[in-house]
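Please read all numbers here as calculations on a predicted model, not as lab measurements.
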2 protein chains.
Amino acid sequence: MKDKLLAVAAFLRERDCFEILTHDYPDGDTLGSGFALCLVLQQMGKKARVITTSVPKDFTFLQAGIQPQDFTAQTIVSVDVADVKLLGSNREAYEGRIDLCIDHHMTNKIEAPLKCVDGNAAANCEILYKLFRLMQVDITRGVANNLYTGISTDTGCFRYTNTTAETLRIAADIIDIGCDTAYINKVMFETKTRKKLALEREVYNTMEYCCNDRCAIIAVTLATQKKVGVGDGELEGLASIPRQVEGVKIGITLREKAENDFKISVRSDGDVNAAEFCARFGGGGHAAAAGCSVKGSLEEVKAQLKAAVSEIL
Amino acid sequence: MKDKLLAVAAFLRERDCFEILTHDYPDGDTLGSGFALCLVLQQMGKKARVITTSVPKDFTFLQAGIQPQDFTAQTIVSVDVADVKLLGSNREAYEGRIDLCIDHHMTNKIEAPLKCVDGNAAANCEILYKLFRLMQVDITRGVANNLYTGISTDTGCFRYTNTTAETLRIAADIIDIGCDTAYINKVMFETKTRKKLALEREVYNTMEYCCNDRCAIIAVTLATQKKVGVGDGELEGLASIPRQVEGVKIGITLREKAENDFKISVRSDGDVNAAEFCARFGGGGHAAAAGCSVKGSLEEVKAQLKAAVSEIL
C-alpha cells in the first residue's frame, strides 16, 4: 500500500484543478473522503471542488472551510466509488475520464490510470488519513472532522466487523488532532427526528422472516415515505434493522426509490457474503454490507430476493 | 493515578481469598471488571470469586475460564460500585467490609481503606487494563474479552462523550491481544430478540415530551413487561431512546421494578448534568448518564421528574 500511496501523493502534487467524485446516495465516507481531500488540496494552493448528487442535511457541516473556486477541471478523482454506475446522474459526464481512483471496496471496477484500492481499510477515510500523514500535510480540525465522520459512519461507530485495531488507533489520532466527536456522534448515531421514529415504527410492521427465520426483510415503500413525510436523507440506518434480530444471518432492506424500482441493502452477520449475494443482481459492496437495485413490484422483488436467499442459506 | 495503581498492585499481590463485588442490575462494565480481576487473581495462584446479584444471559460468556473455588473470604474488593446502596441484596453482608474499591464514578461514596477512583476513565475496565499492564500479568483472551465488554458497553461502543483517544487506544491494544469483538459487538449492540423489538414498539408509544420538547420521557411498566414477556436482562439499551430524539436535552426512562417503585435512568446531551439531576432523588452517576429510584404511581413519579426538569432546563 505504501508504494501506491506514494504514487498518489506524487500525482496530487503534480496536478491541479481537481474534481472529486463521490457516489450516489452519498454517505459519510464518500462525502468525508471528498471534502477532506478537497480541503487538503485547497490548503496546498490548488483548485478543487467536490462533485456530488446531493449533500444530505446531516452532512452539510462537512463542507465547512471549502472555498468555492472557478476553474475548468483538469484532474478527476473518485473517492469511495466502486463502479461508475454508482455515480448516478454524474455518470454520463465523468465515465471514462477518471484519472485517480481511491477506494476501499474489494469489488472496485473503476477504470483509471492510477488506482489506490485497499479492501482491508474499514473506511475510505482510513486510506486518506494514511495518505495525508505520508504527505505530511496539516490535518486541520475541518479535515479531521471529515475523516472521523467517514470512519465512524462506515464502521457503525466501530461496532461492525470491519473495525480493526488500526481503525481505532487512526480514530484516536484524529481525536487528538481535535475533531468534534461529541457533535458528530450525536448527529450520526444518537439523534433521530420524530419523523424517523415514526418511520421506524412503520418499518418494524413490515418485518417478515424466511428460511427458518435466518433471513429478515423490511420494506420502505414510497407510500410509507409519503405517509410519514420523510425524504432520502432520513432513511439512513434502516438497513441495519433486520440483521439485528436474534438468529438472523442476512438482513434485507427494500427501499422504493421510484415506482417499482427498489434499492436493496443487504447486511450479513459474516457467515454469508453480502457482496456475492448482491452481485447476483448486478450490485456489489463488502462481505458484511452490500447493495443492488431490482425492478418490479414489491411482491415480485421480495420473491426474487427470497429465492436467492434460499439458495445460499 | 500511577501511584494509586501501584498501591493496588501491591495490595493484590499481598492478599488472598478475594471476593469481588459488582453492582446490582449488573452491566458489562461491572461484570467485565469483576470477572477480569477474578481471572487475573486466579492466574496468580490466588483464590477469588465474583459476588453478583445476577449474571444476565448475554453476559454469561464473561465467566469462561473462572474456576469455582472453596474458601473463606479474607479480602473484599468492589468494582464499578459507586455506593454501598448499589450492592442490592448483597449490601447487608458486605457494608463496612470493603478493603479495596476500584471505580470510575466521580460521585463514589464507598468507604474503604484503599480506594482507586478515576473519574476520567470512560469505563472501570480501562482502570483494570492499566493495572494489569502495570502488574505485567498475562492478559489472556478471556481477560481481554471481559475488558473489551466493559469498555465497549460503557461507551455505547465508543459513541458516548466519555470516549477518549485513550479509550480507543486501549481498545486497540485489547483487540491486538485477541478478544472476540465480532461476537461481543454482535451480542451487545447488534442483536435484538423479537421480544425486544416488540418492547421497543410498546415503549415508543409511551414517549411524551415536556419543557418545549427539550425533555422526552418513556416508561416501561410491569404491565408492559408482562404483556411483551420480557425480563430484567432484556431491558438494556432502552434508556438511550428518549435522548435520541432531535432537540431533546435530557431523556428520562422510567422502569417499574416493583409495584409503584421506579428505577429512573437519565441521559443528557452534555448541557445538563445527569448526575446532579439524579442526586436530587438520592441517586448519582456520570454527567451524561445517571440513575436514581423514585417511589409512587407512574403519574406521580412522572410529575415529580417533570417538575425537577423544568427547574433546570
Side-chain angles (χ1 to χ4, degrees), chain A residues 58 151-152 155-179 181-198 200-202 204-205 207 209 213 216 234 240-248 251 267 269-270 288, chain B residues 58 151-152 155-179 181-198 200-202 204-205 207 209 213 216 234 240-248 251 267 269-270 288:
Chain A
D58 285 349
I151 293 171
S152 62
T155 57
C157 213
F158 313 108
R159 71 182 192 275
Y160 299 156
T161 49
N162 58 351
T163 308
T164 64
E166 187 175 33
T167 307
L168 294 175
R169 287 196 182 101
I170 290 174
D173 289 351
I174 294 169
I175 290 173
D176 280 338
I177 290 164
C179 72
T181 55
Y183 174 80
I184 296 168
N185 290 348
K186 179 155 176 67
V187 172
M188 298 297 148
F189 309 108
E190 292 284 296
T191 304
K192 287 179 182 173
T193 59
R194 290 209 203 181
K195 278 182 190 175
K196 183 71 181 283
L197 277 177
E200 284 189 4
R201 281 173 59 189
E202 292 286 336
Y204 279 145
N205 288 329
M207 181 102 68
Y209 302 90
D213 297 345
E234 289 164 300
S240 63
I241 290 175
R243 197 253 327 255
Q244 287 178 348
V245 182
E246 199 173 28
V248 167
R267 299 290 182 268
D269 75 339
Chain B
D58 285 349
I151 293 170
S152 63
T155 57
C157 213
F158 312 108
R159 73 181 192 274
Y160 298 156
T161 50
N162 58 351
T163 307
T164 64
E166 188 175 32
T167 307
L168 295 175
R169 289 196 181 99
I170 290 174
D173 289 351
I174 294 169
I175 290 172
D176 280 339
I177 290 164
C179 72
T181 55
Y183 174 80
I184 297 168
N185 289 348
K186 178 154 177 68
V187 171
M188 298 297 148
F189 309 108
E190 290 285 298
T191 305
K192 286 179 182 175
T193 60
R194 290 209 202 182
K195 279 182 188 175
K196 183 70 180 282
L197 278 177
E200 285 189 3
R201 281 173 60 189
E202 292 286 336
Y204 279 145
N205 288 329
M207 181 102 69
Y209 302 90
D213 298 346
E234 289 164 300
S240 63
I241 291 175
R243 197 253 327 256
Q244 288 179 347
V245 182
E246 197 172 30
V248 167
R267 299 289 182 269
D269 76 338

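Of the residues considered (Ile174(B), Ile175(B), Asp269(B), Thr191(B)), Thr191(B) shows the highest number of contacts with chain A, using heavy-atom pairs under 4.5 Å. The most heavy-atom pairs under 4.5 Å with chain B, out of Lys196(A), Gln244(A), Glu246(A), come from Gln244(A). The greatest number of non-hydrogen atom pairs below 4.5 Å with chain B, out of Glu200(A), Arg194(A), Lys186(A), is found for Arg194(A). The candidate with the highest count of non-hydrogen atom pairs below 4.5 Å against chain A, out of Asn205(B), Ile184(B), Thr181(B), is Asn205(B). Listed options Ala171(A), Ala172(A), Cys157(A) were ranked by heavy-atom pairs under 4.5 angstrom with chain B; first place goes to Ala172(A).
Scanning residues 160-167 of chain A against chain B with a 4.5 Å heavy-atom cutoff picks out Tyr160(A), Thr161(A), Ala165(A), ordered by number.
Neither the backbone nor the side chain of Tyr183(A) comes within contact range of chain B; no heavy atom of the residue lies under 4.5 Å from a heavy atom of that chain. For Met188(B), no part lies under 4.5 angstrom from a heavy atom of chain A. Heavy atoms of Arg243(B) lying under 4.5 Å from chain A belong to its backbone as well as its side chain. For chain B, the nearby part of Val248(A) is the backbone; its heavy atoms alone come within less than 4.5 Å.
Atom CG of Asp173(A) sits about 10.0 Å away from atom CG of Leu168(B), to the nearest 0.5 Å.
Across every non-hydrogen atom of Arg159(B) and Asn185(A), the tightest pair is O-ND2, 3.2 Å.
Ring geometry for Tyr204(A) versus Tyr204(B): interplanar angle under 30°, hence parallel rather than tilted (30 to 60°).
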